[in-house]
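The structure displayed is predicted, hence computed values, not measured ones.
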Amino acid sequence: MQTGTGQLKKPIVAIVGRPNVGKSTLFNRLIGQRMSIVSDIAGTTRDRIISETDWAGNPFILVDTGGLDLFPNDDIWNQVKSQIHYAIGECDVVILLVDISDGVTSNDQDIVDILRKTGKPVVAVASKADNEIRDHMVSELYSLGMGDPVSISAYHNRGLDDLMERVVAHFPADKFFPEPEADLGLAIVGRTNVGKSMLLNTLSGENRAIVSKTAGTTRDSLDVVIKYKDKDIQLIDTAGIRRRGQIEYGIEKYSVLRSIQSIDRCNVAALVIDASEFATAQDTHVANYILEAHKGIVILVNKWDLSDQLATTQQDMANQVRSKFKFAQYAPICFTSGLTGSGIKNMLDTTIKVQSERSKVIPRANVRRTIMTAVANHPPPVHGKKELKIYSALQDGSNPPSFTFFVNHANMVHFSYKRYLENSLRENFGFEGSPLRLRFSGRSRKTDQ
């Protein structure tokens, strides 16, 4: 079994600044207009707080530190500072927005003081510079000591090319990780306090044949390669997330950044959920990212040592999990306890099986026969005078399994029919725990023959 090619390391860019300086407008402009959006991860207080996107062929993860909630004590600035601290701690480049119509305020200077201590690259931006008068006011930002400022108006789409040219210049020249020296990379991901660290310690403690340790993508994460049966498994931990009592309100949503980094580097992701708390919205957000990144997925119901207190069975819990993760019915479910070590071997066996399923290649004749039978049993719906015809299909890749369908009108393939074709492939060939890539090529019958 082989691992995939070197995984792309996506830089993280954080947009910071006072409330109402245009952070959300800039965020939406960057991900919604000039960019090729790969996936969105929903945050806990806004619909879109983190997005993976691209600029001029440079993929990166964009983070908006806006969308603050009003709390009973209305201590907005403390919330701004706590979110800025966490966001810039995880990022590679900071975009500092200052509302040029307000000029430089004491709060802007406070943010600069925080940024200066981190040593992170900062691009100072004069926001809302939508006319010549405000353009001339940009020089005021030199007082921040953050270098030459850039003037933009995200609302009017002005200055974004200059801004992103400055941002991309800070991206690492080497965009790829070295090839992992393991048969598969397994990321342990999930919310805070679901038992990831204890699970990782149990995995590395029971399997004492540690081959190597390599620095991870986050400042304090550590990869451990363990020997299990005849496989070398690289455990990619989402480390460094503080315990619940040490997490300031509004911060936990940024923990998904670490999950994204770990998922990007793995072959299979183990999504850990707490048996005593069940699945939350953030669990499904991370699961969606795993699937959109086309990684293998295993759902771990952890802390199963508490099952007696929960008064439930594995079957009942599995049914509840299935109802929450309807979009990933093919994901296997394992029950584990990082505390007692129960279920660990089954989880590792399942992970290896998922990677094997991801690597599987089906002969073209078998794929074509399966798809043509499915089409005959349930023809595509007719839209007006146009009729969708599927001529053939083949598997053109693995890790993840990828399929191309040759059709007459690619834009006529409805989502529900795509799902039907995917289910037909799964019923015949398995692919447990692995998303499938389906591509529809609008070619004539003659071209395919």
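Proximity of a side-chain donor or acceptor of K231 to a complementary backbone N or O of L184 within less than 3.5 Å is not detected. Of the possible donor and acceptor atoms, one in the side chain of R426 sits under 3.5 Å from a partner among the backbone N and O of F431. At least one donor-acceptor pair closer than 3.5 Å links the side chain of S402 to the backbone N or O of P400. Side chain of K295 to backbone of C266: a donor-acceptor contact under 3.5 angstrom is found. In this structure, R29 contributes its side chain and L160 its backbone to no donor-acceptor pair below 3.5 Å. In this structure, the side chain of Q395 engages the main chain of K360 through a donor-acceptor pair within 3.5 Å. Checking side-chain atoms of R358 against main-chain N and O of H294 turns up a donor-acceptor pair under 3.5 Å. Using modelled atom types, no side-chain atom of D92 and backbone atom of P11 make a donor-acceptor pair closer than 3.5 Å. Here the side chain of D316 pairs no donor or acceptor atom with the backbone of T312 at under 3.5 angstrom. Side-chain atoms of S127 do not come within 3.5 Å of backbone N or O of V98 as any donor-acceptor pair.
Taking the side chain as every heavy atom from C-beta outward, L30 and M164 approach each other to under 4.5 Å. V225 has its side chain out of reach of I233: every pair of non-hydrogen atoms, C-beta onward, lies at least 4.5 Å apart. Side-chain contact check for V16 versus L97: every heavy-atom pair is 4.5 Å or farther apart. Counting heavy atoms from C-beta on, the side chains of L186 and Q234 never come closer than 4.5 Å. A 4.5 Å side-chain heavy-atom check between D232 and K227 finds at least one atom pair inside the cut-off. Side-chain atoms of F171 and V13, non-hydrogen and from C-beta on, do get closer than 4.5 Å to each other. Inter-residue side-chain proximity for Q355 and I352 is flagged as unmet; no heavy-atom pair is nearer than 4.5 Å. Between L203 and L348 the shortest side-chain heavy-atom distance falls below 4.5 Å.
With Y289 as the partner, the side-chain contact (heavy atoms from CB on, under 4.5 Å) test is satisfied by one option alone out of D264, T284, V189: D264.
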Intermediate values then yes/no, side-chain contact (heavy atoms from CB on, under 4.5 Å), D283 and K324: CA-CA 10 Å; D283 292 327; K324 189 72 173 181; over 6 Å; no

Check against side-chain contact (heavy atoms from CB on, under 4.5 Å), F440 and K418: CA-CA 10 Å; F440 294 84; K418 289 181 183 178; 3.7 Å; yes

side-chain contact (heavy atoms from CB on, under 4.5 Å) assessment of L141 paired with V104: CA-CA 7 Å; L141 269 65; V104 177; 4.3 Å; yes

R18 and D102: CA distance, side-chain angles, deciding distance, salt bridge (Lys or Arg N to Asp or Glu O under 4.0 Å) verdict: CA-CA 11 Å; R18 294 182 295 108; D102 293 337; 3.5 Å; yes

V407/H409 under side-chain contact (heavy atoms from CB on, under 4.5 Å): CA gap, chis, key distance, verdict: CA-CA 6 Å; V407 302; H409 298 292; 5.8 Å; no

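Separating the CZ atom in R437 from the OG atom in S398 is a distance of 11.0 Å, to the nearest 0.5 Å. Between the CG atom of N302 and the CG atom of L271 there is a distance of 11.0 Å, given to the nearest 0.5 Å. With values rounded to the nearest 0.5 angstrom, L235 atom CG is found 5.5 Å from L200 atom CG. Atoms CZ and CG, from F403 and L421 in turn, are 11.0 Å apart once rounded to the nearest 0.5 Å. Here the CD1-CD1 distance, from I290 to I297, works out to 4.0 Å after rounding to the nearest 0.5 Å. Note: S337 OG to L199 CG = 9.0 Å, rounded to the nearest 0.5 Å.
Within the structure, ring-ring contact (aromatic ring centres under 6.0 Å, His included) pairs that include any residue of residues 333-352 comprise W304-F335 (at least two apart or interchain).
What you find for A328 and L291 is that their closest heavy atoms are CB-CD1, 3.8 Å. Closest approach of D305 to L339, counting heavy atoms only: OD2-CD2, 3.8 Å. Closest approach of T336 to G343, counting heavy atoms only: CG2-O, 3.6 Å. Contact detail for A275 and V301: the closest heavy-atom pair is CB-CG1, 3.6 Å. Listed here is the closest heavy atom pair of L144 and V112: O-CG1, 3.6 Å. Residues G159 and I152 approach most closely at O-CG2, 3.5 Å, considering heavy atoms.
Residues passing the side-chain hydrogen bond (donor to acceptor under 3.5 Å, both in side chains) test with R158 are D135, sequence neighbours excluded. Listed by chain and residue number, nothing satisfies the side-chain hydrogen bond (donor to acceptor under 3.5 Å, both in side chains) test with T118 (two or more places apart in sequence, or in another chain).
No more than 12 heavy-atom neighbours from other residues, nucleotides or ligands sit within 6.0 angstrom of OH on Y155. For M412, the CE atom counts as densely surrounded, since its 6.0 Å shell holds more than 12 non-hydrogen atoms of other residues, nucleotides or ligands. Remark: Q109 CD is packed, more than 12 non-hydrogen atoms of other residues, nucleotides or ligands lying under 6.0 Å away.
Under the 3.5 Å distance criterion, with hydrogens and angles disregarded, no donor-acceptor pair is assigned to the side chains of N107 and T105.
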